[in-house]
Protein chains: 2
Amino acid sequence: MTYRDASGRRLTDYPRPSVAVDAAVLTLTDAGLAVLQVRRQDGGGWSLPGTFLHEGERLIDAVQRALRTKAGVDGLRPRQLGVFDDPHRDDRGWVLSVAHADLVPPAQLEARERLWTRVVPVTAPGRLPYDHAEIIRRAVSDARRRYAEHPDPDHLLPETFTLRELRLVHEAVAGHPLQRDTFRRAVEPLLVPTGATVVRGPGRPAELFERAES
Amino acid sequence: MTYRDASGRRLTDYPRPSVAVDAAVLTLTDAGLAVLQVRRQDGGGWSLPGTFLHEGERLIDAVQRALRTKAGVDGLRPRQLGVFDDPHRDDRGWVLSVAHADLVPPAQLEARERLWTRVVPVTAPGRLPYDHAEIIRRAVSDARRRYAEHPDPDHLLPETFTLRELRLVHEAVAGHPLQRDTFRRAVEPLLVPTGATVVRGPGRPAELFERAES
DNA sequence: TAAATAGTGTCTCTCAGACACTATGTC
DNA sequence: GACATAGTGTCTGAGAGACACTATTTA
């Protein structure tokens, strides 16, 4: 059967845009927050990994496919940031892009294809096509907002960790130092003490904590 | 010239989804937050106003067109909420929907086509197709989050208003009463006093305030 | 012992919440 | 005068920020 809309037109009578996905995959380096980029196919330069949506595919699956095939990275679960819809944003034609973002531990990018990818600080992302610089800015502020509310929501740390390790991660995401005692009193109620202690370097042994069940 | 992607396919070789927009237009009634709905074209029932994106059109323009042609409402500026992308969400075919939301004063819905539209409380939206119930929930929580941070960001009130009027609007959006003195101390630093006072009903005259420039 | 880190006591300042009081209008 | 609303003083408790102290390890 053929569905028609209010003007009597069939669905297929409407011109349809291409729909792409782009992903700002952030991680932590010694220099702070950094973003994964891939070489552009056409000519030089770098861009965020992205791809066109395939028929019947979900957006999240397209993002994961782009990361797998273009960067050799697997197992991420990016979140939707928003749609970029300027009809002239892509000179290849009418392309909507749904921006995504994730923040993952460096180990998850270890297996990446190094010839075609790079990880650069978000403060110096280089020259990027389309709206990719804006996508990175949104990804960073989204990560900062979430880390300001919960302890390591993106599991950058393993199951158990010391409060020092947690604070260093939060400082790297926030981009500025955090007060040691205030930070402890803010996050400790949201963590589960394990009772175990560990020694990492000099200083008194630190207790190990877990995230609360959620 | 013809652009090709990494697999050598032309852009137009990819099947493309239809892209729709839907809008949850909220307003205030005596019963609190309410949402604008339009009659469904196919058979009975109600839905949020929406339409298919036209070629080269921006999403915001499609939303405004839908509100104008389907509800007779003009001059709104809905914000993007997110993309609904379940390939089977619409049995007419592969349709992505970009959800939008706005919150407007009742006067802005005065001119609406009453035969084809209704305004019902968000707490009892009726049976709705697609993801429209979820869109309303997101629109409400988005409005509540923004009203918790700024005084009347959506200009439900005119340029000048008393603190009582402002508080009643915030209570209606929040869905629960707010403490009079605490509310005043929280928002007064964000407002500009005009010096003028007005008498509305019994009681001591109240000062008129304006929103801060922004 | 010196240095480094962990954990905690404590003071101050701010602010939300709550109660109450004074001020000024309508009926 | 009775009542309703506007505006403000003030107390309390929670929490952030800051400083300092004790505790426990490595080198």
Side-chain angles (χ1 to χ4, degrees), chain A residues 28 30 141 144-153 156-212, chain B residues 28 30 141 144-153 156-212:
Chain A
L28 282 184
D30 294 339
S141 70
R144 286 184 176 156
R145 191 176 39 72
R146 287 182 302 104
Y147 267 71
E149 286 188 356
H150 296 288
D152 192 26
L156 293 174
L157 293 169
E159 285 308 296
T160 66
F161 45 82
T162 67
L163 279 170
R164 174 185 174 76
E165 291 160 348
L166 182 64
R167 179 169 51 86
L168 291 178
V169 163
H170 277 251
E171 287 176 347
V173 172
H176 59 83
L178 301 171
Q179 191 124 337
R180 187 172 61 95
D181 43 7
T182 302
F183 179 78
R184 180 187 193 92
R185 281 185 257 254
V187 301
E188 200 170 351
L190 306 174
L191 298 175
V192 179
T194 66
T197 60
V198 286
V199 174
R200 314 220 212 267
R204 172 171 165 179
E207 183 166 9
L208 285 172
F209 290 84
E210 296 175 348
R211 292 176 197 79
Chain B
L28 283 183
D30 295 339
S141 70
R144 286 185 175 154
R145 190 175 42 69
R146 286 182 304 105
Y147 267 72
E149 286 188 357
H150 296 288
D152 192 25
L156 292 175
L157 294 169
E159 286 308 296
T160 65
F161 44 82
T162 66
L163 279 170
R164 174 187 174 77
E165 291 161 348
L166 182 63
R167 178 169 52 86
L168 292 178
V169 163
H170 276 250
E171 287 177 347
V173 172
H176 59 82
L178 301 171
Q179 192 125 335
R180 186 173 61 94
D181 45 6
T182 302
F183 178 79
R184 181 189 194 90
R185 280 184 260 253
V187 301
E188 201 170 351
L190 307 174
L191 298 175
V192 179
T194 65
T197 59
V198 287
V199 175
R200 312 221 213 266
R204 173 172 163 178
E207 183 166 9
L208 285 173
F209 290 84
E210 295 175 349
R211 292 174 198 81

Colleague: Could you check whether any side-chain heavy atom of A:L208 comes within less than 4.5 Å of a side-chain heavy atom of A:T162, counting everything from C-beta outward?
Modeller: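 A side-chain contact exists here, since the closest heavy-atom pair is under 4.5 Å.
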Colleague: Quickly work out the B:L208 CG to D:dT5 P distance and round it to whole Å.
Modeller: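 Distance, rounded to whole Å: 17 Å.
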Colleague: Rounded to the nearest Å, what distance is computed from the CD atom of residue A:E207 to the C1' atom of nucleotide C:dT5?
Modeller: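 Checked: the CD to C1' distance equals 15 Å.
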Colleague: Return the value, rounded to whole Å, for the distance between atom CZ of A:F183 and atom P of C:dA6.
Modeller: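 Taking CZ of A:F183 and P of C:dA6, I get 12 Å after rounding.
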Colleague: Respond yes when some side-chain nitrogen or oxygen of A:R185 is under 4.0 Å from OP1 or OP2 of D:dA16, and no when none is.
Modeller: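 Result: no.
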Colleague: What heavy-atom pair brings B:E210 and B:F161 nearest, and what distance separates the two atoms?
Modeller: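 Smallest heavy-atom distance, with atoms named: C-CZ, 4.2 Å.
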Colleague: Rounded to the nearest angstrom, tell me the gap between atom CZ in B:R184 and atom P in C:dA18.
Modeller: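 Those two atoms, CZ and P, are 19 Å apart.
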Colleague: Taking 4.0 Å as the cut-off, does a side-chain nitrogen or oxygen of B:Q179 come that near to OP1 or OP2 on C:dA18?
Modeller: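 Yes, because at least one side-chain N or O of B:Q179 sits under 4.0 Å from OP1 or OP2 of C:dA18.
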Colleague: Grab the N/O contacts between the protein and nucleotides 23-27 of chain C below 3.5 Å, and write none if there aren't any.
Modeller:
| unit_1 | atom_1 | unit_2 | atom_2 | d |
| --- | --- | --- | --- | --- |
| C:dA23 | O4' | B:R204 | NH1 | 3.3 |
| C:dT24 | O2 | B:R204 | N | 3.2 |
| C:dG25 | N3 | B:G203 | N | 3.4 |

Colleague: Is there a side-chain contact between A:R164 and A:R200 (heavy atoms, below 4.5 Å)?
Modeller: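 Counting from C-beta outward, A:R164 and A:R200 never come under 4.5 Å.
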Colleague: Taking the side chain as everything from C-beta on, heavy atoms only, tell me whether B:T197 gets closer than 4.5 Å to B:R204.
Modeller: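 Not in contact.
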Colleague: Quick one: are B:L166 and B:L191 in side-chain contact, heavy atoms under 4.5 Å?
Modeller: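 Side chain of B:L166 against side chain of B:L191, heavy atoms only: contact under 4.5 Å found.
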Colleague: Under a 4.0 Å N-O cut-off, is there an ion pair linking A:E171 with A:R167?
Modeller: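 Counted as a salt bridge, because a side-chain N and a carboxylate O are separated by less than 4.0 Å.
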Colleague: Please classify the nucleic acid contact of B:R164 as base, sugar-phosphate, or nothing, using heavy-atom distances under 4.0 Å.
Modeller: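 Result for B:R164 = sugar-phosphate.
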Colleague: Looking at the base of C:dG7, is there any donor atom on it, or on the side chain of A:R180, that sits under 3.5 Å from an acceptor on the other one?
Modeller: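 When only heavy-atom distances are counted, A:R180 does reach the base of C:dG7 through a donor-acceptor pair under 3.5 Å.
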Colleague: Could you give the CD-to-C1' distance, from B:E188 to C:dC15, as a whole number of Å?
Modeller: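 Interatomic distance, CD of B:E188 to C1' of C:dC15: 15 Å.
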Colleague: So, does A:E207 use its side chain to make a donor-acceptor pair with the main chain of A:G195 at under 3.5 Å?
Modeller: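 Yes: the side chain of A:E207 pairs with the backbone of A:G195.
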Colleague: Could you tell me how far apart B:F161 (CZ) and D:dA6 (C1') are, to the nearest whole angstrom?
Modeller: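 So the two atoms are 16 Å apart, to the nearest Å.
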Colleague: Mind calculating the distance between CZ (B:R167) and P (C:dG17) to the nearest angstrom?
Modeller: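 Distance, rounded to whole Å: 14 Å.
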